[in-house]
**Student:** 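Next up is a structure, given as structure tokens.
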Protein chains: 2
Amino acid sequence: MDRVFQALSDKNRLKILELLKKRDMSVGEILENFSITNASLSHHLDILKRVNLIVSERKGQYIYYSLNVSVFEEIMMQISKIFNKNKK
Amino acid sequence: MDRVFQALSDKNRLKILELLKKRDMSVGEILENFSITNASLSHHLDILKRVNLIVSERKGQYIYYSLNVSVFEEIMMQISKIFNKNKK
DNA sequence: TATATATTTAGATATACATCTAAATATATA
DNA sequence: TATATATTTAGATGTATATCTAAATATATA
């Protein structure tokens with residue numbers, strides 16, 4: 001769980017999630033919103049992918065990224081567990 | 001928001017929250033559950049306090065820490081925002 | 001095969017972070 | 001005033017992280 005929070009603890013990665021909230025995007029499209037290199041962006045995408053916050057799918061030359069909404073419930077539950085007093 | 005996630009991204013700090021979920025504890029009581037120095041623990045408590053995840057209250061010689069449940073709703077809402085597609 | 005898109009690798013740099021030790025400071029109690 | 005509890009400060013160390021440049025690799029398309 002700490003690795004998920006770690007993945008969420010960077011402004012640029014939160015911004016990536018914000019972008020993907022609106023619509024699925026290719027790496028190039030995502031990149032337009034940042035002033036970092038594609039190598040750095042790939043690194044951030046890798047981190048988000050490793051903890052299952054995003055998923056990728058190739059479409060022709062492009063690789064499209066999207067939010068992995070299915071992991072959302074799990075994260076909410078974990079956080080809920082942390083704060084729910086009087087419960088195991 | 002990234003600062004909250006940053007605060008949550010350390011195993012020891014998550015463990016502190018786990019402990020305080022069960023009951024309020026003094027620093028000494030918390031410390032018994034770790035093998036770090038009191039200086040390091042104070043540092044972690046400071047980080048959690050700065051983002052309002054915990055609050056402290058002096059009782060005589062002791063200072064008791066407890067979860068700040070009121071911030072819970074806010075965090076859940078923020079995370080919900082990140083993942084809720086089709087919504088601003 | 002050449003080009004476009006993306007990832008990966010390697011090495012470099014700078015910053016942040018977790019931890020320690022040791023000492024100083026602060027507050028409350030005996 | 002001496003002791004207990006906790007925080008803070010300062011300096012040190014080691015590791016992790018974000019970023020870069022440059023090059024290599026992979027996949028798909030023209």
Side-chain angles (χ1 to χ4, degrees), chain A residues 1-68 75 82, chain B residues 1-68 75 82:
Chain A
M1 197 58 193
D2 54 316
R3 285 179 62 247
V4 173
F5 289 128
Q6 164 60 24
L8 291 168
S9 70
D10 178 85
K11 280 192 204 306
N12 278 339
R13 288 195 291 271
L14 284 184
K15 188 173 169 186
I16 291 171
L17 297 178
E18 283 291 321
L19 290 169
L20 296 182
K21 182 176 70 180
K22 296 179 194 154
R23 62 181 176 86
D24 299 355
M25 293 175 84
S26 69
V27 176
E29 288 175 320
I30 297 171
L31 190 58
E32 287 171 10
N33 296 274
F34 295 90
S35 48
I36 59 177
T37 61
N38 60 344
S40 291
L41 178 57
S42 271
H43 173 240
H44 284 308
L45 292 173
D46 183 55
I47 288 171
L48 291 172
K49 208 157 52 172
R50 278 178 196 280
V51 296
N52 284 309
L53 283 167
I54 61 176
V55 293
S56 61
E57 185 188 5
R58 179 179 279 279
K59 286 184 182 172
Q61 289 168 289
Y62 301 87
I63 294 178
Y64 277 83
Y65 279 87
S66 55
L67 286 188
N68 184 7
I75 292 176
I82 292 174
Chain B
M1 197 57 193
D2 54 316
R3 285 178 64 246
V4 173
F5 288 129
Q6 164 61 23
L8 291 168
S9 70
D10 178 84
K11 280 191 203 308
N12 279 339
R13 288 196 290 270
L14 283 183
K15 189 173 170 186
I16 291 171
L17 297 177
E18 283 292 321
L19 290 168
L20 296 182
K21 181 177 70 180
K22 296 178 193 153
R23 63 182 175 84
D24 298 355
M25 294 174 83
S26 69
V27 175
E29 289 174 318
I30 297 171
L31 190 58
E32 288 171 10
N33 296 274
F34 295 89
S35 49
I36 58 176
T37 61
N38 61 343
S40 291
L41 178 57
S42 271
H43 172 239
H44 285 308
L45 293 173
D46 183 54
I47 288 171
L48 291 171
K49 208 157 49 170
R50 279 177 194 279
V51 296
N52 285 309
L53 283 166
I54 61 177
V55 293
S56 61
E57 185 188 4
R58 178 177 280 278
K59 286 184 181 172
Q61 287 168 292
Y62 301 88
I63 294 177
Y64 278 83
Y65 279 87
S66 55
L67 287 187
N68 183 8
I75 292 176
I82 293 175

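We name chains A, B, ... by the order of the sequence lines, and we start the count at 1 in each one.
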**Student:** Between Ser26(B) and dA6(D), does any side-chain N or O lie under 4.0 Å from OP1 or OP2?
**Tutor:**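 For Ser26(B), the contact criterion (side-chain N or O under 4.0 Å from OP1 or OP2 of dA6(D)) is met.
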**Student:** Among Asp24(A), Asp46(A), Leu17(A), whose side chain to side chain contact (heavy atoms under 4.5 Å, CB included) with Ile54(A) holds?
**Tutor:**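 Exactly one pass, corresponding to Leu17(A).
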**Student:** Atom CD of Glu32(A) and atom P of dT5(C): how far apart are they, to the nearest Å?
**Tutor:**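 In whole Å, dT5(C) P lies 10 Å from Glu32(A) CD.
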**Student:** Output the rounded distance in Å from CZ (Arg50(B)) to C1' (dT8(D)).
**Tutor:**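 After rounding, the gap between these two atoms is 11 Å.
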**Student:** What is the distance from CD of Glu29(A) to P of dA6(C), rounded to the nearest Å?
**Tutor:**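 Atom CD in Glu29(A) sits about 8 Å away from atom P in dA6(C).
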**Student:** Rounded to the nearest angstrom, tell me the gap between atom CG in Asp46(B) and atom P in dC17(C).
**Tutor:**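 After rounding, the reported distance stands at 12 Å.
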**Student:** Find the distance Asp2(B):CG to dC17(C):P and express it as a whole number of Å.
**Tutor:**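 Those two atoms, CG and P, are 10 Å apart.
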**Student:** Within the side chain of Ser42(B), is there an N or O that forms a donor-acceptor pair under 3.5 Å with the backbone of Ala39(B)?
**Tutor:**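 The answer is no, because no donor-acceptor pair under 3.5 Å joins these two groups.
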**Student:** For the backbone of Gly60(B) and the side chain of Arg58(B), can you confirm whether one donor and one acceptor N or O come within less than 3.5 Å of each other?
**Tutor:**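 Looks like yes, one N/O pair under 3.5 Å.
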**Student:** Give, for atom CG of Leu20(A) and atom CG of Leu45(A), the distance between the pair rounded to the nearest 0.5 Å.
**Tutor:**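 Here the interatomic distance stands at 8.0 Å.
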**Student:** Quickly, which of Asn68(B), Leu67(B), Ile75(B), Ile16(B) forms a side chain to side chain contact (heavy atoms under 4.5 Å, CB included) with Leu53(B)? Name it, please.
**Tutor:**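 With Leu53(B) as partner, side chain to side chain contact (heavy atoms under 4.5 Å, CB included) holds for just one option, Ile75(B).
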**Student:** Could you check whether any side-chain heavy atom of Leu41(B) comes within less than 4.5 Å of a side-chain heavy atom of Val27(B), counting everything from C-beta outward?
**Tutor:**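 Contact flag for Leu41(B)/Val27(B) side chains = yes.
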**Student:** Under a 4.5 Å cut-off applied to non-hydrogen side-chain atoms, are Tyr65(A) and Lys49(A) in contact?
**Tutor:**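 Heavy-atom side-chain distance check passes, below 4.5 Å.
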**Student:** Base, sugar-phosphate, or nothing: which does Tyr65(A) touch, judged by heavy atoms less than 4.0 Å apart?
**Tutor:**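 Sugar-phosphate, backbone atoms only, no base.
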**Student:** Nearest whole Å is fine: how far is dA4(C) P from Leu31(A) CG?
**Tutor:**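 My rounded result for the distance is 16 Å.
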**Student:** For each nucleotide in nucleotides 15-30 of chain D, reading 5' to 3', give B when a protein heavy atom comes within less than 4.0 Å of its base, S when such contact involves only the sugar-phosphate, and - otherwise.
**Tutor:** --SSBBB-----SSS-
**Student:** Do the side chains of Glu18(A) and Lys15(A) get close enough for a salt bridge, i.e. N-O under 4.0 angstrom?
**Tutor:**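 Not counted as a salt bridge, because no side-chain N and carboxylate O are separated by less than 4.0 Å.
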**Student:** Could you go step by step and tell me if Asp2(A) and Asp10(B) meet the side-chain contact (heavy atoms from CB on, under 4.5 Å) rule?
**Tutor:** CA-CA 6 Å; Asp2(A) 54 316; Asp10(B) 178 84; over 6 Å; no
**Student:** To the nearest Å, how far apart are Lys11(B) NZ and dA18(C) P?
**Tutor:**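 Value for this atom pair: 13 Å.
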**Student:** For DNA chain C, please output the secondary structure as dot-bracket, reading 5' to 3'. Pairs are Watson-Crick or G-U wobble, both atom distances under 3.5 Å; mark crossing pairs with [ ], other-strand partners with |, unpaired with a dot.
**Tutor:** ||||||||||||||||||||||||||||||
